[in-house]
Amino acid sequence: MADRVHPRDSPPVSAESQSASPQDSSVVPQPLRPPPSEKPVPSPGTYVIQIPKDQVYRVPPAENARRYDQYTRRKHSRSRFCCCCCWLIGILFIFVVLLGIAAGIFYLVFRPEAPKYSIENIAVRGINVTSPSSEAAISPEFNVTVKADNPNDKIGIYYLKDSSAEVFYNDARLCNGALPAFHQSSNNVTVFGMVLKGNGIELSSEDQRSLVESQTKRKVPLTVRIRAPVKIEVGSVKTWKITVKVDCDVTVSELTAQAKIVSKRCDYKVDLW
């Protein structure tokens with residue numbers, strides 16, 4: 001008996017043919033195959049899909065629209081802040097450059113120099129300390145002569161009211177007063193006097209002892225402090241009110257009207273505001 005040869009791609013056996021010959025047990029049923037698809041199914045793997053640039057949509061999907069709106073707002077506000085900071089830095093830089101140029105031109109034209117101050121004479125009355133057991137309360141009077149030198153050729157100085165002058169021995173203030181108000185022209189030396197008074201000044205026992213020893217050695221150290229509001233005159237223009245601070249360390253031979261200055265040194269500085 002010859003073997004049957006089944007074709008490789010035989011069509012599926014229909015139900016009718018199966019029912020027509022149920023007694024033929026030698027026929028092997030073939031599995032049903034799906035009908036061939038019109039589109040080919042790619043084999044599994046990794047693929048790179050290229051989409052034309054004009055078909056890429058820049059509008060976010062609806063579920064991300066709110067997040068996209070928050071992100072764009074934050075980005076715009078940050079860019080505005082950075083832009084404002086850049087503008088502010090640029091304006092400040094330009095202002096500093098212009099200020100430096102103006103200061104350079106001012107220096108080249110006017111050649112400003114700091115004024116100089118010195119104590120020329122001190123006469124003392126009302127202090128009679130001869131021993132450590134002397135009366136503590138004193139009422140001294142100091143006549144102080146000050147020399148102010150303005151070496152500038154084109155700059156004048158207006159000395160205003162509300163000035164102050166004080167004389168100290170160690171930390172004890174002996175007297176106080178004020179400077180006269182006057183105008184000092186350019187390239188001028190002005191010598192003026194001040195009358196400084198103290199009333200009921202009480203010295204500690206240590207200061208009394210030190211003062212007696214200093215008079216015995218004929219070297220009494222004093223400190224003269226001057227605070228004067230002034231205005232600088234440049235041509236026809238006056239500056240705002242500034243404060244001149246002069247601190248002078250003066251050593252006198254004695255605390256009498258015949259006192260002589262043994263040594264002196266003055267420091268000068270200005271408060272612009």
Side-chain angles (χ1 to χ4, degrees), residues 88 91-124 140-169 171-199 201 221-252 259 261 263-273:
L88 181 60
I91 292 173
L92 289 177
F93 177 76
I94 294 173
F95 177 76
V96 171
V97 171
L98 293 177
L99 187 62
I101 294 174
I105 294 174
F106 177 82
Y107 179 79
L108 292 176
V109 172
F110 294 98
R111 300 285 182 177
E113 297 183 31
K116 301 175 182 179
Y117 300 92
S118 64
I119 305 298
E120 296 300 305
N121 187 33
I122 294 181
V124 184
E141 179 179 322
F142 282 68
N143 291 331
V144 182
T145 303
V146 181
K147 182 176 74 172
D149 182 7
N150 179 17
N152 297 281
D153 295 330
K154 301 179 181 180
I155 298 176
I157 303 176
Y158 281 90
Y159 289 86
L160 308 177
K161 297 179 180 180
D162 301 327
S163 61
S164 65
E166 300 170 310
V167 177
F168 290 83
Y169 176 77
D171 293 332
R173 189 179 71 173
L174 301 178
C175 57
N176 66 298
L179 280 72
F182 64 96
H183 171 253
Q184 187 177 25
S185 60
S186 59
N187 200 12
N188 175 266
V189 176
T190 302
V191 179
F192 58 90
M194 301 181 297
V195 178
L196 312 179
K197 296 181 179 182
N199 187 17
I201 305 300
L222 301 174
T223 301
V224 181
R225 297 179 184 176
I226 299 174
R227 302 293 183 265
V230 302
K231 286 187 177 182
I232 306 300
E233 179 187 29
V234 182
S236 59
V237 178
K238 295 180 184 178
T239 64
W240 60 93
K241 184 187 296 185
I242 62 178
T243 303
V244 175
K245 295 182 177 181
V246 182
D247 294 330
C248 296
D249 294 328
V250 184
T251 301
V252 296
I261 296 177
S263 65
K264 57 184 178 180
R265 182 179 62 86
C266 292
D267 295 329
Y268 158 83
K269 62 181 180 180
V270 172
D271 283 348
L272 296 177
W273 312 107

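Keep in mind it's a predicted model, so treat the numbers as computed, not measured.
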- prompt: Asp247 and Arg227: salt bridge (Lys or Arg N to Asp or Glu O under 4.0 Å), yes or no, with the steps?
  reply: CA-CA 9 Å; Asp247 294 330; Arg227 302 293 183 265; 3.1 Å; yes
- request: Check the pair Ile119 / Ile261 against side-chain contact (heavy atoms from CB on, under 4.5 Å), numbers first and verdict last.
  value: CA-CA 9 Å; Ile119 305 298; Ile261 296 177; 4.2 Å; yes
message: Apply side-chain contact (heavy atoms from CB on, under 4.5 Å) to residues Thr223 and Val167 and explain how you reach the verdict.
response: CA-CA 6 Å; Thr223 301; Val167 177; over 6 Å; no
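At distances below 3.5 Å, not a single donor-acceptor pair connects side-chain atoms of Lys231 with backbone N or O atoms of Lys238. The backbone N or O of Gln184 sits nowhere less than 3.5 Å from a side-chain atom of Thr190 that would complete a donor-acceptor pair. A distance-only check finds no donor-acceptor pair linking the side chain of Asn187 to the backbone of Asp153 [under 3.5 Å].
By the 30° and 60° cut-offs, the orientation of the rings of Tyr117 relative to Tyr159 is perpendicular.
In this structure, Arg173 and Ile201 have side chains that are not in contact, with every pair of non-hydrogen atoms separated by 4.5 Å or more. The closest side-chain heavy-atom distance from Leu222 to Phe168 is not below 4.5 Å. Contact check for Val124 versus Val252: no side-chain heavy atoms found under the 4.5 Å cut-off.
Atom CG of Asp271 is surrounded by more than 12 heavy atoms from other residues, nucleotides or ligands within 6.0 Å. Crowding of Lys147 atom NZ: a count of heavy atoms from other residues, nucleotides or ligands under 6.0 Å not exceeding 12. The number of heavy atoms from other shown groups lying within 6.0 Å of CG (Asp249) is above 12.
Ile232 contributes atom CD1, which lies 8.0 Å from atom CG of Asn150 (distance to the nearest 0.5 angstrom).
The minimum heavy-atom distance between Cys175 and Leu196, with the atom names listed, is SG-CB, 3.6 Å. Contact between Cys266 and Ser118 at its shortest, heavy atoms only, is SG-CA, 3.9 Å.
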